[in-house]
Novice: 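Here's a structure for you.
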Amino acid sequence: MALTPLVYWAQRHEEIYLRVELTDAEDIKVYIDDNMLFFQAVGYGAKGQHLYEFTLELFSPVKTKVANKSTQRQVSITIQKMEQGWWERLTKPERKPLFLAPDFDRWMDESDAELEIRQKEEKKRRRRVSRRYEEDFISLKTAFLFAYNLVQFLGYSWIFVNMTIRLLMFGQDSVYDTFHTISGVMFFCQILASIEVLNAAFGVVRTGVIPTLIQLFGRNFILFIIFGCLEEMQNKPVVFFVFYLWSAIEIFRYPFYMLGCFNTEWKTLTWLRYSLWIPLYPLGALAEAVAVMQAIPIFDKTNLFSIPLPEALGTSLNFSYVLRVHLALMVLGLWINFRHLYKQRQKRFRTKKRKSQ
C-alpha cells in the first residue's frame, strides 16, 4: 500500500518548485493531467523504504511538461505556470494537505520575487548591451583591419607591378632608378606598418610583438637610414632587390589577412602565405646585409651620424660601428623571425591536417 511523502513547495511568478523528501528514489513517475499533479516513486521516506505517491489539484492552470531531478536526498520538481502571476496557495482546495509545507529555503514573498525578476531583467539588459557593444567593437575592428590590409596590399602591389613593368620595359636601367620612382610609396607603406606593432601590443590581432617589431625596425633601418640618408646608395642595384623582395612577400600576406577578417580562406593563398617566406626571407635578409656592407665605407668617409667623444679621447664614434653591430643583430633577428614563421606554418598545416582526418 502506497504511503504519502513529505512535500515542500515554493513559487516564483513563472514557476512552482516542489521538494519531495525521498532518499535514493527510483521508478519516479511525475505527470500533469487536467491540472492534477501525480507523483509516484519508490524510496526511503519518513516511514522507511516504501512506495510513495501523492496527488495535488493545482491552484491555476500549468503547462503539462514537468521537470524533475532525483538526488540521494530528495526529488526536485519544477512546474511552469501557464500565466505569470502570484498564487495565493498551491492547491485549488483552500484546505492544505497535511503532507504539504512551505519550503523556507526557497520561499519568497511576492515583493521579493518581483525584486528578483527586476534584477534578472536588469542582468539580461546588461548582457544585451554588453553583447551589442562587443558586436559593434568586432565590426569596427574587422572594418579597420580589412581597410588597413587592403591599403597595404594595394601599396605593395603597386610597387611590385610597377617594378616588374619597368624592368621589362627599360631593362637594367630601371634597376638603378628604383629608389627615385618607388621610394615614396615604400616610405608610406613602411610608416603605415607601425600599426601592426600596436595591433600586436594591444591584442587587436593574435601575433607576437617581438617578431613584428624586429621586422619593422629592420626594414625601417634599411629604408630610412641606409637608403634615405645616403644619396650614394640610392642608385645602387641593391635597392631594387630589397624593394622587390619585400613587395613579393607582402602581396600574398596582406590579402591572406583580408580574407581572415571574414573567416574566409583560399587554400592556394594560404599555402603561398606560409611557404613563400622560406626562400624570400633569407634572400631579403641577404639583400639587406649587402646594403649595410655597401653603406659602411660611405659612413666611414662622410662621418654622417658620428657621435663625438670627449676631447681626452681625441676622436669620435663613427656610425659605421653601429652598422657592424646591426649586421650581427640581423642574424639574430632572422633566426627569431624564421623560428616564429616556422612555428606558425607547422601549427597552421598541422591543424588543417587534423581537421581533414
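The structure displayed is predicted, hence computed values, not measured ones.
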Novice: What about Phe338 and Leu329, same hydrophobic cluster or not, with Ile/Leu/Val/Met/Phe/Trp/Tyr joined at side-chain heavy-atom distances under 4.5 Å?
Specialist: no
Novice: Honestly curious: do Tyr257 and Trp271 fall in one hydrophobic cluster under the side-chain, below-4.5 Å linking rule?
Specialist: yes
Novice: Please evaluate residues Phe299 and Leu230 with respect to the criterion side-chain contact (heavy atoms from CB on, under 4.5 Å), reporting the C-alpha separation (whole Å), side-chain torsions for both, the decisive distance (0.1 Å), and the verdict.
Specialist: CA-CA 9 Å; Phe299 277 104; Leu230 297 179; 3.2 Å; yes
Novice: Please answer: with hydrophobic residues joined when any side-chain heavy atoms are less than 4.5 Å apart, are Ile28 and Phe38 in the same cluster?
Specialist: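 No, separate clusters.
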Novice: Is the shortest side-chain heavy-atom distance between Gln294 and Ile226 below 4.5 Å?
Specialist: no
Novice: With hydrophobic residues grouped by side-chain heavy-atom distances under 4.5 Å, do Val42 and Tyr31 end up in a single group?
Specialist: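 The answer is no; the residues belong to distinct hydrophobic clusters.
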Novice: Working to the nearest 0.5 angstrom, can you tell me the gap between Ile336 CD1 and Ile214 CD1?
Specialist: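 One gets 4.0 Å once the value is rounded to the nearest 0.5 Å.
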Novice: Are there over 12 heavy-atom neighbours, none belonging to Arg89, within less than 6.0 Å of that residue's CZ?
Specialist: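 For Arg89, atom CZ is crowded (more than 12 foreign heavy atoms under 6.0 Å).
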Novice: Would Ile159 and Met163 count as a side-chain contact (heavy atoms from CB on, under 4.5 Å) if you check the C-alpha gap in whole Å, the side-chain angles of each, and the deciding distance to 0.1 Å?
Specialist: CA-CA 6 Å; Ile159 293 172; Met163 292 178 68; 3.7 Å; yes
Novice: For the pair Phe319 and Phe305, name the ring-plane relationship: parallel under 30°, tilted 30 to 60°, perpendicular over 60°.
Specialist: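 Taking Phe305 first and then Phe319, their aromatic rings stand perpendicular (interplane angle over 60°).
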Novice: Side chains of Glu288 and Leu245: does their closest heavy-atom pair fall under 4.5 Å?
Specialist: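 No, too far: nothing below the 4.5 Å cut-off.
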Novice: Can the positive tip of Arg19 be found less than 6.0 Å from the middle of the six-membered ring of Tyr8, inside 45° of the ring normal?
Specialist: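 Yes, a cation-pi geometry.
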Novice: Determine the minimum heavy-atom distance between Pro5 and Glu53, stating which atoms define it.
Specialist: CD-O, 3.6 Å
Novice: Taking it one step at a time, do Phe262 and Phe146 satisfy ring pair (Phe, Tyr, Trp, His ring centres under 6.0 Å)?
Specialist: CA-CA 9 Å; Phe262 303 101; Phe146 180 82; 5.3 Å; yes
Novice: Contact between Val331 and Trp335 at the side-chain level, heavy atoms closer than 4.5 Å - yes or no?
Specialist: no
Novice: Can you confirm whether Glu88 is buried at CD, in the sense that more than 12 heavy atoms of other residues, nucleotides or ligands lie under 6.0 Å from that atom?
Specialist: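 Counting other residues, nucleotides and ligands, CD of Glu88 stays at 12 neighbours or fewer.
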Novice: Going by heavy atoms in the side chains, are Lys141 and Val204 under 4.5 Å from each other?
Specialist: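 Lys141 vs Val204: side chains touch.
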Novice: Has Leu332 got more than 12 heavy atoms of other residues, nucleotides or ligands less than 6.0 Å from its CG?
Specialist: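 It does: Leu332 CG has more than 12 such atoms within range.
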Novice: Flag the pair Trp9 / Trp107 as yes when at least one side-chain heavy-atom distance between them is below 4.5 Å, and no otherwise.
Specialist: yes
Novice: May I have the list of side-chain donor-acceptor pairs in residues 171-193 shorter than 3.5 Å, sequence neighbours left out?
Specialist:
residue	atom	partner	partner atom	Å
Gln172	NE2	Tyr176	OH	3.1
Ser174	OG	Gly171	O	2.8
Asp177	OD2	Arg166	NH2	3.2
Thr178	OG1	Ser174	O	3.1
Thr178	OG1	Val175	O	3.0
His180	NE2	Asn235	OD1	3.3
Thr181	OG1	Asp177	O	3.1
Thr181	OG1	Thr178	O	3.1
Ser183	OG	Phe179	O	2.6
Gln190	OE1	Tyr156	OH	2.5
Gln190	NE2	Asn220	OD1	3.2

Novice: Cation-pi check, Arg324 to Tyr321: give yes when NZ or CZ is under 6.0 Å from the six-membered ring centre and within 45° of the ring axis, no otherwise.
Specialist: yes
Novice: Please determine whether side-chain contact (heavy atoms from CB on, under 4.5 Å) holds for the pair Asn199 and Phe144, giving the CA-CA distance in whole Å, both sets of side-chain angles, and the decisive distance to 0.1 Å.
Specialist: CA-CA 11 Å; Asn199 288 342; Phe144 164 73; 3.7 Å; yes
Novice: Would you confirm whether Gln234, through its side chain, and Phe227, through its main-chain N or O, come within 3.5 Å as a donor-acceptor pair?
Specialist: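 Such a contact is found between Gln234 side chain and Phe227 backbone.
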Novice: Would Val151 end up clustered with Phe252 when hydrophobic side chains under 4.5 Å apart are linked, directly or stepwise?
Specialist: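 As far as the 4.5 Å side-chain criterion goes, Phe252 and Val151 are connected within one cluster.
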Novice: Compare every heavy atom of Ala25 with every heavy atom of Val75, then report the nearest pair and how far apart it is.
Specialist: CG2-CB, 3.6 Å
Novice: First locate atom CG of Leu51, then atom CG of Leu3, and finally report the distance between them rounded to the nearest 0.5 Å.
Specialist: 7.5 Å
Novice: For Lys96, does the NZ atom sit with more than 12 other heavy atoms under 6.0 Å from it, leaving out its own atoms?
Specialist: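 Result for NZ/Lys96: enclosed.
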Novice: Do Lys267 and Glu265 sit within salt-bridge range, that is, some charged N less than 4.0 Å from a carboxylate O?
Specialist: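 The answer is no: the pair does not qualify as a salt bridge.
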Novice: Search all heavy atoms of Ser194 against all heavy atoms of Leu216 and return the closest pair with its distance.
Specialist: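 Minimum heavy-atom contact is CA-CD2, 3.7 Å.
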Novice: Pick from Ile79, Val62, Val7, Thr55: which one makes a side chain to side chain contact (heavy atoms under 4.5 Å, CB included) with Leu37?
Specialist: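 Looking at Ile79, Val62, Val7, Thr55, the match for Leu37 under the side chain to side chain contact (heavy atoms under 4.5 Å, CB included) is Ile79.
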Novice: List the residues meeting salt bridge (charged side-chain N to carboxylate O under 4.0 Å, His left out) with Arg12, not counting sequence neighbours, and say none if there are none.
Specialist: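 Scan of Arg12 (salt bridge (charged side-chain N to carboxylate O under 4.0 Å, His left out), adjacent residues dropped) gives Glu116.
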Novice: Decide whether a cation-pi geometry holds between Arg348 and Tyr274; the criteria are a distance under 6.0 Å from NZ or CZ to the six-membered ring centre and an angle within 45° of the ring axis.
Specialist: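 Ring-cation test returns no.
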Novice: Using the side-chain contact (heavy atoms from CB on, under 4.5 Å) rule, take Glu14 and Gln84 through it: C-alpha gap first, then chi angles, then the decisive distance, then the call.
Specialist: CA-CA 5 Å; Glu14 298 177 347; Gln84 294 186 12; 2.8 Å; yes
Novice: Within this structure, what is the CG-CZ distance for the pair Asn149 and Phe256, rounded to the nearest 0.5 Å?
Specialist: 10.5 Å
Novice: Checking Asp24 now: which residues fulfil salt bridge (charged side-chain N to carboxylate O under 4.0 Å, His left out) with it, not counting sequence neighbours?
Specialist: none
Novice: Nearest 0.5 Å please: distance from the NE2 atom of His13 over to the CE atom of Met108.
Specialist: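 Result: 11.0 Å between the selected atoms.
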Novice: When Ser320 is tested against each of Leu304, Ile296, Val292 for side chain to side chain contact (heavy atoms under 4.5 Å, CB included), which residue passes?
Specialist: Ile296
Novice: For atom CZ of Phe224, is the number of surrounding heavy atoms from other residues, nucleotides or ligands below 6.0 Å larger than 12?
Specialist: yes
Novice: What pair of heavy atoms forms the shortest contact from Lys63 to Ile32, and how long is it?
Specialist: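 Here Lys63 and Ile32 meet closest at O-CD1, 3.6 Å.
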Novice: Report yes if the side chains of Leu280 and Tyr244 come closer than 4.5 Å at any heavy-atom pair, otherwise no.
Specialist: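 No, side chains not in contact.
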Novice: Give the C-alpha distance, both sets of side-chain angles, the deciding distance and a yes or no for side-chain hydrogen bond (donor to acceptor under 3.5 Å, both in side chains) between Tyr52 and Glu21.
Specialist: CA-CA 10 Å; Tyr52 291 86; Glu21 287 292 298; over 6 Å; no
Novice: Salt bridge check: are Glu196 and Arg219 linked by an N-O gap of less than 4.0 Å?
Specialist: no
Novice: Roughly how far apart are His50 NE2 and Thr4 OG1, rounded to 0.5 Å?
Specialist: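 Atom-to-atom, His50:NE2 and Thr4:OG1 are 12.0 Å apart.
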Novice: Return the minimal non-hydrogen interatomic distance between Asn35 and Pro61, and the atom names on each side.
Specialist: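 For Asn35 versus Pro61, the nearest heavy atoms are OD1-CA, 3.1 Å.
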Novice: Should Ile249 and Leu276 count as side-chain neighbours, where that means a heavy-atom distance under 4.5 Å?
Specialist: no
Novice: Give the ring-plane orientation class for Phe39 versus Phe54, where under 30° counts as parallel, over 60° as perpendicular and anything between as tilted.
Specialist: parallel
Novice: Nearest 0.5 angstrom please: Ile77 CD1 to Glu15 CD, how far?
Specialist: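 The CD1 atom of Ile77 sits 13.5 Å away from the CD atom of Glu15.
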Novice: Where is the tightest heavy-atom contact between Gly43 and Leu22, given as atom of each residue plus distance?
Specialist: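 Result for this residue pair: C-CD2, 4.1 Å.
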Novice: Compare all side-chain heavy atoms of Leu18 with those of Leu90 and state whether any distance is below 4.5 angstrom.
Specialist: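 They are in contact (side-chain heavy atoms under 4.5 Å apart), so the answer is yes.
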